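See structure below.
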Amino acid sequence: MASAAVLWFGETMSAVPLRNSKAAASAVRAVTVLGATGSIGDSTMDLLRSSPDRYQIEALTANTNVEALAKLAIEFDARFAAIADPNRLEDLKDALAGTATECGAGESAIIEAAARPADWVMAAVSGAAGLKPALAAVDRGATVALANKECLVCAGDFFMQRAAKAGACILPADSEHNALFQALGSGSREELVRVIITASGGPFRTWAVADIEQATLAQALKHPNWSMGQKITIDSASMMNKGLEVIEASYLFALAPDEIDVLVHPQSIIHGMVEFSDRSVVAQLGAPDMRTPIAHCLGWPDRIVGPAAKLDLAKIGQLTFEEPDLDRFPALRLAYDALRTGHGATTVYNAANEVAVAAFIAGRIRFGAIARLVESTMNAWIREGNRAPLTSADDAIAVDHNARNKAVTLLPQIALKAS
Ligand code: NDP
């Protein structure tokens with residue numbers, strides 16, 4: 001089990017460890033994967049599959065996909081499998097009949113999966129639904145590889161404080177944050193000038209505003225470099241994902257908004273950089289393959305063998321960079337606004353975006369309206385004077401819930417309004 005770590009990032013950051021602050025992992029590790037049937041889950045299971053003697057699977061979870069969950073539970077001889085959809089419990093029981101795997105359904109079962117005694121937990125549920133399960137793992141002091149950025153965006157201060165209090169280790173699994181985590185060890189907090197998160201720019205990087213406005217779902221789902229789940233792929237196209245990552249970096253590493261820059265880098269080879277006071281910039285590079293940051297989290301504090309392609313810079317030839325265009329991609333500007341506003345504004349940003357993306361997928365709004373709905377929801381929330389510090393998961397969930405309701409109310413007028 002991970003021990004509490006001492007950090008240079010400051011008190012709120014004591015949940016993200018220094019490399020040498022933890023004893024080496026034991027030979028066989030008990031592992032839980034929350035969101036095992038998703039894109040991150042798939043990459044994680046792929047890594048676990050390559051060293052079956054090293055890992056014992058404690059629990060696996062999914063939302064509705066019983067078939068894929070049961071298949072994984074049987075393959076990995078999982079002790080527990082949980083499906084969020086309560087209506088699928090009988091199907092899960094049938095699929096696991098004759099195996100030793102226990103099972104459960106509903107939100108409480110997902111939380112139970114997280115609370116079971118695994119040394120290492122991958123938190124890869126998508127959306128704000130991942131918050132309570134991730135907290136259940138954090139509260140028992142587990143090592144948590146955090147892919148679910150919405151946990152931090154919804155309840156960042158509170159989440160990190162609770163992790164520090166419980167002695168949990170939070171390992172950033174998101175590629176940019178994992179890159180920063182690897183680079184930050186090169187200097188002290190006092191020596192840090194800024195971090196730089198790279199962005200591919202997504203499929204609409206070179207598109208005119210009018211074309212972005214009308215982009216179709218199929219176009220939004222064509223990410224140039226990364227293969228990911230549907231929601232995050234759409235967020236990448238709007239650059240909302242980069243906005244969520246700016247907020248995520250702020251909470252993870254206790255950084256002010258002005259200490260976080262975004263740089264468009266279409267090749268997605270450099271994932272993150274840290275600039276120090278002597279003007280050294282330390283970067284982490286790798287092929288765009290999520291199995292690399294996940295392998296870093298799985299092996300930490302050591303390094304394990306990763307399956308991603310070897311980086312061949314000579315073949316790639318050129319690495320290019322551009323400033324992000326905040327006029328064509330207002331979602332990124334809104335993330336900085338939310339971070340500066342604080343007191344739940346980032347929760348509202350995320351909630352409104354989840355409503356907007358679902359509406360876009362359902363064909364109810366244009367692509368360009370996603371950022372407009374987020375902005376209108378944030379403005380309405382500020383106007384109504386709802387700002388207050390979030391001190392519990394229930395506070396964050398209440399703000400999330402109210403923001404979703406507000407966004408749903410605003411949806412029809414946003415849908416009618418052209419840019
Ligand atoms: P996917 O949509 O591919 O998978 C999501 C997983 O969560 C699935 O197992 C899904 O189950 C489960 N799930 C969805 N909703 C719920 C719910 N309400 N309750 C319980 N389980 C649920 O997402 P990704 O793997 O792409 O992303 C997961 C998280 O990781 C997101 O927060 C994303 O931002 C982050 N991330 C993803 C990256 C990527 O490359 N994909 C990169 C960096 C971060 P089911 O299969 O049954 O629907």
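One-based numbering, in listed order, for ligands and for the atoms of each. Worth saying up front: this structure is predicted, and the values here are computed from it rather than measured.
Distances between N or O atoms of Asn65 and those of ligand 1 include at least one value under 3.5 Å. Remark: ligand 1 and Gln230 share no N or O pair separated by less than 3.5 Å (distance only, no angle test). At least one N or O atom of Thr64, backbone or side chain, sits closer than 3.5 Å to an N or O atom of ligand 1. At under 3.5 Å, a nitrogen or oxygen of Gly38, whether backbone or side chain, sits near a nitrogen or oxygen of ligand 1.
Between Glu112 and Arg116 there is a salt bridge, with a side-chain nitrogen of the basic residue lying less than 4.0 Å from a carboxylate oxygen of the acidic one. Between Arg372 and Glu375 no salt bridge is recorded (no basic side-chain N to carboxylate O distance below 4.0 Å). Contact check on Glu354 versus Arg404 returns a salt bridge, with a Lys/Arg side-chain nitrogen under 4.0 Å from an Asp/Glu carboxylate oxygen.
When the options Lys149, Met122, Arg88, Glu176 are ranked by their closest heavy atom to atom 34 (O) of ligand 1, first place goes to Lys149. The closest heavy-atom contact to atom 42 (C) of ligand 1, among the options Ile110, Ile232, Val153, comes from Ile232. For atom 29 (C) of ligand 1, the choice among Thr233, Val125, Asn241 with the nearest heavy atom turns out to be Val125.
Proximity of a side-chain donor or acceptor of Arg364 to a complementary backbone N or O of Pro412 within less than 3.5 Å is not detected.
Close approach to Ala129 involves these atoms of ligand 1, each under 4.0 Å from a residue heavy atom: 17 (C), 18 (N). In summary, the atoms of ligand 1 found under 4.0 Å from a heavy atom of Gly229, numbered by their order in the structure, are 3 (O), 26 (O), 41 (N).
Aromatic rings of Phe204 and Phe367 (six-membered ring for Trp) have centroids within the 6.0 Å cut-off, being under it.
His265 and Ser200 share no donor-acceptor pair across their side chains, judged by distance under 3.5 Å alone. Side-chain contact of Thr320 with Gln267: a donor-acceptor pair under 3.5 Å is present, judged by distance alone.
Residue-level proximity to ligand 1 for Met290 is carried by the side chain, the only part with a heavy atom below 4.0 angstrom. Only the side chain of Ala84 comes within 4.0 Å of ligand 1, judged by heavy-atom distances.
In this structure, Pro117 and Glu58 have side chains that are in contact, with non-hydrogen atoms separated by less than 4.5 Å.
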>> Run Arg189 and Glu259 through salt bridge (charged side-chain N to carboxylate O under 4.0 Å, His left out) and show every step you take.
In response: CA-CA 12 Å; Arg189 179 67 176 98; Glu259 292 176 312; 3.0 Å; yes
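Closest protein heavy atom to atom 2 (O) of ligand 1: Ser126 OG, 4.0 Å. Annotation: atom 35 (C) of ligand 1 to nearest protein heavy atom, Ala147 O, 3.1 Å. Ranking the protein heavy atoms by distance from atom 28 (C) of ligand 1 puts Ala124 O, 3.3 Å first.
Proximity of Glu150 to ligand 1 is established by a heavy-atom distance of less than 4.0 Å.
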